[in-house]
Amino acid sequence: PARGVSRQGMATFLHRLAGEPAANDEPGFSDVGPDHAFSDAIAWAAERGIVEGYSDGTFRPRQEVSRQAAAAFLYRYAGEPRVTAATHFSDVGPDHAFSAPISWAAERSIVEGYSNGTFRPQRDVARQAAAAFLHRSQH
């Protein structure tokens with residue numbers, strides 16, 4: 001439960017949550033071919049704009065997911081709903097690149113901060129936290 005979640009893992013969790021719909025095409029990333037174990041999930045998530053690749057054309061499937069990226073994946077999965085309140089975390093200001101996803105996830109009680117008022121957006125997400133985020137996102 002304390003191990004980190006990879007990008008391929010997060011894409012797969014969301015794909016399964018959606019009922020494992022078919023992707024229309026291959027993932028389109030140089031490091032995720034059609035024979036990749038998570039190719040379908042990554043392709044599906046990329047087609048829907050839930051996940052994005054890097055400027056060099058890679059997806060980096062085994063890279064661990066940060067808290068800010070997990071919030072962004074869930075926010076995009078939900079269709080990028082309107083955010084009604086700014087985040088209250090001291091380390092996520094209105095100019096932060098992930099302010100909207102983090103604010104949305106906090107306002108829906110999907111994510112929580114730390115006792116000192118921070119969110120620690122770049123900290124890796126543990127599998128147990130990802131499971132809690134996914135569960136809370138459905139309620």
Side-chain angles (χ1 to χ4, degrees):
R3 290 186 67 176
V5 175
S6 65
R7 289 171 52 82
Q8 66 189 7
M10 196 69 182
T12 301
F13 295 159
L14 293 170
H15 185 236
R16 289 176 181 161
L17 191 63
E20 298 186 51
N24 294 320
D25 205 354
E26 293 181 15
F29 302 110
S30 62
D31 57 349
V32 181
D35 59 337
H36 188 279
F38 301 100
S39 176
D40 290 342
I42 294 167
W44 170 85
E47 285 174 4
R48 281 149 189 81
I50 296 168
V51 300
E52 299 172 347
Y54 291 89
S55 61
D56 64 357
T58 62
F59 180 70
R60 302 177 192 170
R62 289 184 176 84
Q63 181 174 306
E64 291 196 4
V65 174
S66 64
R67 289 171 52 83
Q68 65 189 9
F73 290 171
L74 290 166
Y75 176 68
R76 293 177 196 141
Y77 177 82
E80 298 185 34
R82 184 172 167 263
V83 178
T84 59
T87 179
H88 59 276
F89 302 118
S90 62
D91 56 349
V92 181
D95 295 339
H96 190 281
F98 292 86
S99 179
I102 293 168
S103 295
W104 169 82
E107 131 186 335
R108 293 208 25 149
S109 299
I110 295 169
V111 300
E112 299 173 348
Y114 292 88
S115 60
N116 66 353
T118 62
F119 181 72
R120 301 178 192 168
Q122 295 183 354
R123 177 176 257 184
D124 291 339
V125 173
R127 292 175 61 86
Q128 60 197 2
F133 293 172
L134 289 163
H135 177 74
R136 292 178 198 147
S137 75
Q138 299 305 296
H139 298 289

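Heads up: numbering here begins at 1 and tracks the sequence. For clarity, every value in this text was computed on a predicted model and none was experimentally measured.
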**Report entry** E80 atom CD, neighbour heavy-atom count above 12 within 6.0 Å
**Finding:** yes
Query raised in the report: What are the two closest non-hydrogen atoms of V5 and M10, and how far apart are they?
Result: CG1-N, 3.8 Å
Query raised in the report: Hey, is the main chain of G79 close enough, under 3.5 Å, to the side chain of R48 for a donor-acceptor pair?
Result: no
Query raised in the report: Within a strict 4.5 Å, meaning less than it, do heavy atoms of the Y114 and R123 side chains meet?
Result: yes
Query - Side chain to side chain, R7 and F38, heavy atoms closer than 4.5 Å - result: no
Requested in this report: Report yes if the side chains of P121 and H96 come closer than 4.5 Å at any heavy-atom pair, otherwise no.
Outcome: yes
**Report entry** Shortest non-hydrogen contact from A100 toward V83
**Finding:** O-CG2, 3.5 Å
Requested in this report: Find the distance between CG (D91) and CD1 (I102) and round it off to the nearest 0.5 Å.
Outcome: 8.0 Å
Report task. Please report the closest heavy-atom contact between P61 and I42, naming both atoms and the distance. Result -> CB-CD1, 4.3 Å
**Report entry** Smallest separation among heavy atoms of F133 and L74, with atom names
**Finding:** CB-CD1, 3.7 Å
Query raised in the report: Between Y54 and V32, is there a shared hydrophobic cluster once you connect ILVMFWY residues whose side-chain heavy atoms come closer than 4.5 Å?
Result: no
Query raised in the report: E47 side chain to D25 main-chain N or O, any donor-acceptor pair under 3.5 Å?
Result: yes
Query raised in the report: Checking R127 side chain against P1 main chain: does a donor-acceptor pair fall under 3.5 Å?
Result: no
Requested in this report: Rounded to the nearest 0.5 Å, what's the gap from CZ on F59 to CG on D31? Could you check?
Outcome: 8.5 Å
Report task. With rounding to the nearest 0.5 Å, note down the distance linking CD in E20 to CG in L14. Result -> 12.0 Å
**Report entry** Check: T87 side chain, S103 main-chain N or O, donor-acceptor pair, under 3.5 Å
**Finding:** no
**Report entry** Least distance between heavy atoms, A11 atom then A45 atom
**Finding:** CB-CB, 4.3 Å
Query - Nearest atoms (heavy-atom pairs only) where E64 meets D124 - result: OE1-OD2, 2.8 Å
Report task. Look only at the side chain of E107 and the backbone of A85, and say whether a donor-acceptor pair between them is shorter than 3.5 Å. Result -> yes
Report summary line: Rounding to 0.5 Å, atoms CZ (R62) and OG (S6) come to a distance of 8.0 Å
Query - Gap separating the OG atom of S137 from the OH atom of Y75, nearest 0.5 angstrom - result: 15.0 Å
Query raised in the report: CG of D95 to OG of S99: how many Å apart, nearest 0.5 Å?
Result: 8.0 Å
